[in-house]
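Structure first, then comments.
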Amino acid sequence: MTFENTLLFDPDRTAIPVAMEKAPAALARSEGRVEIRFRRKKDASKLAHLYQQGCGRVRFPKVDHSEYPEAVLINTAGGLTGGDHMAYQVTLGPGAGLTVSGQAAEKIYKSVGNTAVIEAEMQVGAGAALEWLPQETILFEKSRLRRMNKVHLETGSRLIALEATVFGRAAHGETLHSAYIRDGWKIWRDGKLLWVDQFMLDGDIDVETKRPAVLAGARGVATILVADDAASTYLETAQTFARDCGVRAAVTCRDELLIMRVMAETGYDLRRALARILTQLRSTFSGYPVALPKVWENQ
């Protein structure tokens with residue numbers, strides 16, 4: 001609590017300074033929510049529901065293939081800090097297709113104690129195909145982030161998804177000595193839990209990421225997921241990339257889920273590597289050559 005002086009007056013009209021308690025001003029918080037639902041109509045996927053709240057916005061650029069429209073998520077606050085909350089809900093009806101990307105890298109700024117929260121809930125109907133391709137998240141010194149992606153897949157549906165995190169911008173000489181991140185995935189298929197993943201770092205990130213059992217010095221890390229009944233068809237492409245991409249990468253395939261980890265010394269190296277592998281995987285996913293979303297290309 002802080003105090004400030006105010007003036008009271010006695011009956012003789014003499015001013016008397018009195019110390020009065022002043023409550024601290026509440027910090028402004030950013031909250032955003034975006035809900036989108038697409039359904040299949042004839043040979044195209046069409047927007048069926050749109051809701052935007054707070055700093056959460058979405059735009060739908062023109063694309064060449066109507067069966068895979070594109071949604072670009074936007075945080076008009078320009079970044080997140082402690083106590084901010086972003087929530088996304090993406091629903092695809094049976095047979096629909098959609099590519100979701102982000103306008104820019106999400107920046108997580110210094111927190112005074114609270115944690116920024118990003119939550120995404122994805123419902124992918126029978127035979128539908130969703131691409132979840134946000135740009136990288138950049139952590140700043142003393143930032144705090146909790147992120148959780150939940151995906152509900154139905155019979156015959158497919159998913160290709162990415163989350164990438166950069167621990168400070170190497171080009172700016174940024175080093176994280178105090179930060180927190182808890183990053184997770186939960187994926188279900190027809191109500192059955194298919195995969196759970198949790199990654200957490202807390203404290204001196206620069207020290208923790210140098211540990212061989214953690215990131216062995218990498219400043220950027222990404223997870224790429226492909227959920228498909230024919231997930232093994234992506235394996236050779238992913239393995240070739242893991243050998244020849246110039247960064248550290250490993251891949252495994254568990255039944256209908258392919259999981260790939262990519263680690264790089266800088267955010268630039270990570271982004272360049274992700275662009276290469278996503279271009280290849282997306283061509284297999286869609287069945288024809290397809291470029292990355294324009295927001296990726298323009299960065």
Side-chain angles (χ1 to χ4, degrees), residues 33-40 49 71 73 85-102 106 115-134 136-137 145-165 180-202 213-215 221-235 237-239 242 249-263 274 277-278 281-282 284-285:
R33 182 174 181 84
V34 174
E35 298 175 8
I36 51 178
R37 184 174 71 249
F38 275 75
R39 62 185 178 92
R40 184 109 178 149
H49 169 76
L73 301 175
H85 185 202
M86 294 294 295
Y88 303 107
Q89 186 176 73
V90 179
T91 304
L92 299 187
L98 179 66
T99 298
V100 180
S101 59
E106 186 68 271
T115 301
V117 176
I118 302 176
E119 298 176 300
E121 189 95 15
M122 306 170 219
Q123 302 274 350
V124 190
L130 173 64
E131 296 183 312
W132 177 261
L133 305 175
E136 65 270 26
T137 297
L145 171 65
R146 177 168 56 85
R147 177 171 57 198
M148 174 58 73
N149 292 333
K150 297 180 180 180
V151 185
H152 302 268
L153 302 168
E154 295 184 14
T155 302
S157 64
R158 298 180 298 135
L159 168 77
I160 182 168
L162 163 74
E163 285 292 0
T165 304
Y180 168 85
I181 178 173
R182 186 180 184 94
D183 199 6
W185 287 88
K186 291 184 179 180
I187 300 178
W188 292 264
R189 168 78 75 183
D190 294 325
K192 180 181 178 180
L193 188 61
L194 186 66
W195 189 62
V196 176
D197 185 51
Q198 288 280 350
F199 174 79
M200 187 181 80
L201 288 174
D202 188 8
V214 183
L215 296 180
V221 61
T223 298
I224 299 174
L225 303 172
V226 180
D228 192 325
D229 289 339
S232 59
T233 60
Y234 303 82
L235 185 58
T237 297
Q239 288 175 330
V251 59
T252 187
C253 188
R254 301 174 53 191
D255 299 324
E256 58 187 278
L257 183 64
L258 181 138
I259 306 162
M260 188 169 193
R261 306 284 197 192
V262 183
M263 299 188 299
L274 292 176
I277 185 58
L278 287 173
L281 292 177
R282 294 182 73 217
T284 303
F285 190 80

Partner residues of Ala128 under the side chain to side chain contact (heavy atoms under 4.5 Å, CB included) criterion, sequence neighbours left out: Leu92, Val124

Verify salt bridge (charged side-chain N to carboxylate O under 4.0 Å, His left out) between Arg37 and Glu35, making sure each step is shown before the conclusion. CA-CA 7 Å; Arg37 184 174 71 249; Glu35 298 175 8; over 6 Å; no

Check side chain to side chain donor-acceptor pair (under 3.5 Å) between Glu154 and all other residues, then give those that pass, not counting sequence neighbours. none

Can you name the side chain to side chain contact (heavy atoms under 4.5 Å, CB included) partners of Ala120, sequence neighbours left out? Tyr88, Met122, Trp132, Asn149

Any residue meeting side chain to side chain donor-acceptor pair (under 3.5 Å) with Thr233, in chain and number order, not counting sequence neighbours: none

Between atom CG of Leu225 and atom CG of Leu162, what is the distance when rounded to the nearest 0.5 Å? 8.5 Å

Residue pair Leu159, Val226: steps toward the side chain to side chain contact (heavy atoms under 4.5 Å, CB included) verdict: CA-CA 6 Å; Leu159 168 77; Val226 180; over 6 Å; no

For Tyr234 and Phe285, take the angle between the two ring planes, folded into 0 to 90°, and tell me which bin it lands in: parallel under 30, tilted 30 to 60, perpendicular over 60. tilted

Hits for side chain to side chain donor-acceptor pair (under 3.5 Å) against Arg261, two or more places apart or cross-chain, chain-then-number order -> Asp197, Thr223

Between CG of Leu130 and CG of Leu153, what distance do you get to the nearest 0.5 Å? 8.5 Å

Sub-4.5 Å side-chain heavy-atom contact between Val221 and Val262: no

Contact list for residues 180-189, test salt bridge (charged side-chain N to carboxylate O under 4.0 Å, His left out), sequence neighbours left out: Arg147-Asp183, Arg189-Glu256

Residue pair Asp202 / Ile181, side-chain heavy-atom distance below 4.5 Å: no

Output for pair (Trp185 CH2, Leu194 CG), nearest 0.5 Å, gives 12.5 Å

Who passes side chain to side chain donor-acceptor pair (under 3.5 Å) against Glu119, sequence neighbours left out? His85

Enter the distance from Leu145:CG to Thr165:OG1 here, rounded to the nearest 0.5 Å. 7.5 Å

Please identify each residue that fulfils side chain to side chain contact (heavy atoms under 4.5 Å, CB included) with Arg39, with sequence neighbours left out. Lys41, Ala48

Sorted by chain and residue number, the salt bridge (charged side-chain N to carboxylate O under 4.0 Å, His left out) partners of Glu131 (sequence neighbours excluded) come out as Arg282

Under the rule for salt bridge (charged side-chain N to carboxylate O under 4.0 Å, His left out), what residues qualify as partners of Arg146, not counting sequence neighbours? none

